[in-house]
Every structure is written in structure tokens, then in C-alpha cells.
Amino acid sequence: MCQRLACKVTSKDVYELTPFRIIARGVSRALESLGVQVEERTVEFIVSESPNPAYGDYGVPLARFARSHSVGFEELASRTIRALSSEPVVESVKTVHGFLNIRVNAAVAARALVEAYRCEGEGFGMVKSERPLRIVVEHTSANPVHPLHIGHARNACLGDTLARLLKARGHSVETRFYVNDMGRQIAVMVYGFILAGLEDVPSNVKPDHYIGLVYAITHTLADIEQLKRLLERLKAEGRDEEYRERLRELDSLVADASRLRERNPELFDRIAEAIKGRNPEEDIQELMRKYEYRLDSSVVRLFQRLVSRCLEGFRKTLRELGVSVDKWDWESRLVWEGVVGEILEKARLSPYAVTYKDALALNLQPLLSDPSLREKLGVPQGYEVPPLILQRSDGTTLYTTRDIAYSIVKFAETGAQKVINVIAAEQRLEQLQVRLALIALGYMDYGLNMLHYAYEMVNLPGRKMSGRRGRYVTLDELLAQARSLAREEVEKRSPQLPDSVKDEVAKAVGTAAVRYSLVSVAAPKPLTFNVKDALNYEQNSAPYVLYAHARASSILAKARERGIELDWSGIGYDEAARNPLRRALVLHVLNYPYVFVKAADEYKPELLVAYLNRLADLFNKWYTSGDSVVNEPNPAARNFKLALVNVVKQVLANTLSILGVKPLERM
RNA sequence: GGGCCCGUAGCUCAGCCAGGAUAGAGCGCUGGCCUCCUAAGCCAGUGGUCGGGGGUUCAAAUCCCCCCGGGCCCGCCA
């Protein structure tokens, strides 16, 4: 492999050869020569594939520019054609009803691809940013009170994929998990352990699963207790209608409770017995105070022990998913080390400070009267932000207050220029409040450079999930199911493989199927996760792409076996256009650097998924067309095909890796 | 009541931000293809009032307005 500096052709050069860039430059220059300034990006965005191969490969509605800039279409077209004709990668240019179409010279494209591949090897196609940034990606950050489920999985896969993608783009990325150990939910979970008389999770169970059960039992029993008190009061006050309504609520809670009891009757009864005659609400508040103010060292130790145990479970699950986290930030640290106190102090002195409902709050609404700030933050016209309460009357802080402190830490501790928070869309208001609060407190840059990467919920058909009630399908179960289905497939399709390989393939394929389907849908869209569909190993799935990769590997292995060497200096590039299947494949690979850059710069991993589907599709079509590689007698043609397989394999492998999927040599 | 997101083929989704050429995939369904580098594959067929209505435009799935349906948010919860 030659040195990067010695490269004659790089992926960046390939990027500039893609139809999008070529056409954008040509049109932009032609317009410029007519005295009109149009940004290349404006043109680039509307380049599209030609609907009919007779028109060409890619085209752009040129008439629109002629009209909107009052220049003659014929004049503009002829200048654009002149500009594009001098580009070797452009084979021909023509206009068809208002569109300008180009046909790509596949041989020139293929040469560029192969030369860039030879120079960059594994780094092929992953064009480095000219402005590398320090970026923090916070993701997953599940409350440590129950196991990770499918919704957390979407978060983890998006976060991990973004991190890998941005790293590949040349940024320096750190991933962080916000350990929420100070919320009310944690206190409920700890309360359950106290009621059960347990100091730790039994050693024979996965800790997050056990903790999830204790949490659900405790939450449900506490809610029942609370509701019973309310019912008594309603009855006494003769509010019959309300009473009946609440009674139905109680019924449903009792049904949840009995389902929970089935999972561990002994544990359930112990907690139920202990909670009798207590006031759970008061007990839980007391625990929260004891923890936040560190009033009772045994309580503090219990909180920390149980949260740590839950995190152990998370780590195990995430490892199985192929997700890693660089730093685990405990919320409590922010309070105990005084970062939160500083925020409160700053807030008190701030001109935005108000007293709202007798509590310290920030009135953020005035910030929104600045239209440019509004625009930068993407706040809609009539949107009003309610005052943000920072401190309860008992002096304890709130989640959002601590999140403000955390946001500052994420920037300040790392020197990051950008922080991306992968957080559920339902937290939109909270995330906006945090950004506004940062600005109000004098951290303008932080407020503007923090991105809420919002994703919608994952629906499981026919189920309603609830952590508090213990109704969820754990990610562990889902992965196990995916792998077991994959294992059946391997058994069916490749019985000849040794067991150890079958296991490895099944594990990789099952995990890949889950990851792939979770990032395939754009984040702001709700995703319906149908276990069967995700594990339906056909087109549009990880196994389909993995299979294409395995086939490419198989060709190269077969070539090696037969002693066929690739002579890089004897490649017949003209072979690229010899049949439409080869040509289509070359043209699609040519687009890779462009798609990669777009996916990274616009934070759209789903573009990579769509690209991979198409690449695997084109490769499989070519593969099955009978245009054999190893049986090709003509050396120039054989060298071309071998080189193409190498490049395709590399692109498949790189992109799968960005998606956190391990490419397989066989399956 | 106010705000945000989503609505495209029976199902799951691209395309919408940056308006243009007969609206694309996959699954499903029907029918084919293993003496040939892995059939987790390939080929052919089937399927759409782009939620509805109005407007802007030479041109609207895409932009604007109204309405309908689904989800979410508007806590001294997280």
C-alpha cells in the first residue's frame, strides 16, 4: 500500500467525480459565465438519476435556472455542455425536455475508483472532513431501574452509528452515557430493595432484569397504595363519578400487580407485606433527600451499589449489541461536586431569574423575542416556553437543572465544539429549555452548538410498553430471539459448516439484523418493529448485505485457491462498460464517497442503509448474471473484475462497520 | 386549549428540508431459474385517489392555508 501523500487519486477526487459534483460545477460555471451566481450546492441538491437510460445517467432540470435567472435556455445549455464536455468522466451530454443529462464514462470512473482504492485501502471512500471537530455524542442514557428494551436499542444504535460515522469522517468523537442516579425513579427502585430487605441483587440473575422487577413491583404497589387513599377520600366526599373512574384505574393496577406477582411470588409478597400501612410517597421523598444531601451513608451506598449493578447489566447488553460507551457520567457527581450549585447561583443573579409558584425559576420567554435566535434554535412562531423551575421548595434540584449542569460539563470537560444528544423526541421541550437556559446563563456557544438528535418511539405491534408496570420486551430477549432464528437459517442453508462457525455466523447475523433495521428508518419517524420482518432475511436487510459481502469474499477466496493473481497494472478499464450490469455497479460505487459525506454531515445514517441495499442488489444481479470472475479467460477483463470485486467488498465492509455490523467472510 | 412529529401500494419504508422528466424499493401474492465464483440469491408478473380540500406555480408527494386520523409535549416527574 502506498503512502497517502503519494496517492495519485484519493477518495476526495472520486467525490469530485460523482455526477452530483460534476453537474453542479458545470452548471454553476456556465451560469457564472452568464453573470449569474448560483452556489454549487444549490445545483447539487437537485441532480437526480435519469428516469430513462436513453436520456443519460444523471440529469438536472436546467430550464428552471434559465427561467429563474432570466437567461436563455439554449445559451445556458450550450455553455453547460461545453463546460462538461471537457470532463473525462463525462461521456456525453444532452438536453431532453428542459433537462440536461450526462452519461458517465464508466471506464474513467472505474480507473479512479481502483486507483483510490489502491492508495487508501481500508479507508477507501471515507472522505475526511476539512474541518475536523471535537464532538460529544451522548446516547442511550437509560434510567438504571430496568433492563434496556427496544426503544433504548434504537437510541443506542443511532448513537453508536453516528459516533462511528463521524469518526470515519475524521472528527474526534467521545461517547457518553448519562447515569441518572438521582431521579425519583431510582428512589422507588431503592425503596423496593429496602422493603424486600435486600442489600444487593441475588448473584444468580442478570442484575438489570432483577432490578426491573423490583422497580415494577414497588412502583405498582406504591401506586395502588396511593390510589386507595385517594379513593377513600373521594368516597367520603361523595364524588361518585370520579370515584368510579378511579376504581377502574385501580382494577387495571391490580391486574398489573398480579401479573408481576407471577414472575416472583416470594419477592412480590415480601414487598407487598412491608409496604402495608406505610406512606410510600413520603418514604420515597425521604430517600431522595437522604441521597441528594448525603444524609445517610448506608442509603448512599445502597443507591450506588444498585445503580452500579444495573449498569453492569446495561454494559453486558450493549456489548452484545456491539455498542461501546467511552464515559459514564453520574448525575450525583454534578450535585456533590458543586456544578449544580454554581448553576443555581448563576441563575439567582441572572436577569432571567423569577419566582414562579414560590420556587426559583428562569423565565426564558424573553429570549424568544429575538427572531434570529428563535430561528437558530428552530423554535416555531407562536411557541411559548413555560418558566423553568430549578429548585423544589425542599431545596432539592430537578432533572432539567442537573441537565443544564451536565451540558456545560460535556462541553467544558472535552473542549467539544459540538454536543449531540440522542434523546427521545418527547423530551423536545426539555431540551429546548436546557439550550435556552444555557444562553440565559451566558453560555451562548453551548446553547447553539448542542443538538437534540430526536428520535421517535419504537412500536411493537399489539403491545403497549411500560417500565413502571414491567411490561416490556427486553433487548436481551430480542437479541436471543434474533440469533436463534439466524441459527435455524444457518443450519438449513449451510449444514456443512462447523458448529463454531455456525454459532459465530448466527450471532453476527442476528445482531446485525436488529441494528440494521433500527437505523434504517429516519429518526423522526416512529418505527414499527416487527420482529418477524426484521428477521426476514431477504432484501433490505442486514443478512442480504452480509450475504453479498460473503459472496465477494468467496470469489476472492476462489481466485486465490486457483492461484489467480490480480495484476493491477493490467486492468482493462474499458471492460467496465461492456455490459449494463457491470456499468451500473461501477456507477453506484462511484457515488459512495458522496453518500458517505452526506450521511455524515447531515447525520443521516439511514442513507447508508439505502445505499447498501442498492449496492448489494446490483452486486447480486451482476453475480448471478453469469459474468464469472474466476472463469474469465481474458486477463485484462479478469483483472478488471477482480479489482471491482475488491472495491465493492471494501465499500460493503466499511459501511457495515459504520453501522456496527461485523462483515462476514462466509455464511 | 396551544405546540411539535407522523400520514405515500395489503404490510414496512425511500422520495418532501433544496418543487420539475411515466411516484420508487422491499415484504406479501402468482409463475419461473441450482451440471456454472454460496439459491440468505436471481428473473418475470401483481399492486398507489401520495390522508382530504383549497391555494401558489409553466410545473406540487414536495411550498402555503384549512380540515381529518395517529403519536407526543405543555409537572416543585425523568
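Numbers restart at 1 for each chain; the letters A, B, ... are given by sequence-line order, proteins then strands.
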Test side-chain contact (heavy atoms from CB on, under 4.5 Å) applied to A:His152 - qualifying residues, sequence neighbours left out: A:Ala142, A:His146, A:Leu148, A:His149
Contacts of A:Ala653 that satisfy side-chain contact (heavy atoms from CB on, under 4.5 Å) - sequence neighbours left out: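 side-chain contact (heavy atoms from CB on, under 4.5 Å) list for A:Ala653, sorted by chain: A:His549, A:Pro663.
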Rounded interatomic separation in angstrom, taking [atom1] from [X] and [atom2] from [N]:
X        : N     : atom1 : atom2 : answer
A:Leu518 : B:U12 : CG    : C1'   : 13 Å
A:Glu384 : B:G2  : CD    : P     : 12 Å
A:Gln365 : B:G2  : CD    : C1'   : 12 Å
A:Leu612 : B:C13 : CG    : C1'   : 16 Å
A:Tyr516 : B:A25 : OH    : C1'   : 12 Å
A:Arg428 : B:C6  : CZ    : C1'   : 11 Å
A:Arg666 : B:A40 : CZ    : C1'   : 16 Å

Is it true that [X] and [Y] make a salt bridge, defined as a side-chain N closer than 4.0 Å to a carboxylate O?
X        : Y        : answer
A:Lys507 : A:Glu504 : no
A:Arg483 : A:Glu489 : no
A:Arg21  : A:Glu40  : yes

Ring pair (Phe, Tyr, Trp, His ring centres under 6.0 Å) partners of A:Phe99, counting only residues at least two apart: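 By the ring pair (Phe, Tyr, Trp, His ring centres under 6.0 Å) rule, A:Phe99 matches no residue at all.
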Ring pair (Phe, Tyr, Trp, His ring centres under 6.0 Å) partners of A:His452, counting only residues at least two apart: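 For A:His452, no residue satisfies ring pair (Phe, Tyr, Trp, His ring centres under 6.0 Å) once neighbours in sequence are set aside.
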Pairing string, 5' to 3', for RNA chain B - Watson-Crick or wobble contacts under 3.5 Å, brackets [ ] where pairs cross, | to another strand: (((((((..((((......[...))))((((((.......))))))....(((((..]....))))))))))))....
Salt bridge (Lys or Arg N to Asp or Glu O under 4.0 Å) involving A:Lys502 - partner list, sequence neighbours excluded: A:Glu491, A:Asp499
Which residues share a salt bridge (Lys or Arg N to Asp or Glu O under 4.0 Å) with A:Lys525, sequence neighbours left out: none
Minimum side-chain heavy-atom gap A:Asn459-A:Pro526 below 4.5 Å: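 Yes. Closest side-chain heavy atoms under 4.5 Å.
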Rounding to the closest angstrom, what is the interatomic distance between [N] and [M] at atom [atom1]?
N     : M     : atom1 : value
B:A14 : B:U62 : C1'   : 14 Å
B:A61 : B:U22 : P     : 12 Å
B:C5  : B:C16 : C1'   : 14 Å
B:G32 : B:C37 : C1'   : 23 Å

A:Asp329 and A:Tyr406 side chains, donor-acceptor separation under 3.5 Å: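 The criterion, which ignores hydrogens and geometry beyond distance, is satisfied for A:Asp329 and A:Tyr406.
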Any donor-acceptor N or O pair under 3.5 Å, side chains A:Tyr516, A:Asn613: yes
Please encode protein proximity along [range] as a string of B, S and -, counting only heavy-atom distances under 4.0 Å.
range                        : result
nucleotides 26-37 of chain B : SSS-------SB
nucleotides 71-78 of chain B : -SSS-BSB
nucleotides 14-21 of chain B : S-BBBSBB

Under 4.0 angstrom, heavy atoms only, what part of the nucleic acid is [X] near: base, sugar-phosphate, or nothing?
X        : answer
A:Glu665 : base
A:Val505 : base
A:Asn613 : nothing
A:Leu527 : sugar-phosphate

side-chain N/O A:Thr528 vs B:C13 OP1/OP2, d < 4.0 Å: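 Looking at the OP1 and OP2 atoms of B:C13, one of them is under 4.0 Å from a side-chain N or O of A:Thr528.
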Pairs involving residues 61-74 of chain A, ordered by first then second residue, that meet salt bridge (charged side-chain N to carboxylate O under 4.0 Å, His left out) (sequence neighbours left out): none
Qualifying salt bridge (charged side-chain N to carboxylate O under 4.0 Å, His left out) pairs, either residue in residues 177-188 of chain A, two or more places apart: A:Arg184-A:Glu281
A:Glu456 side-chain N/O to A:Ala425 backbone N/O, donor-acceptor pair under 3.5 Å: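 Checked: no pair found.
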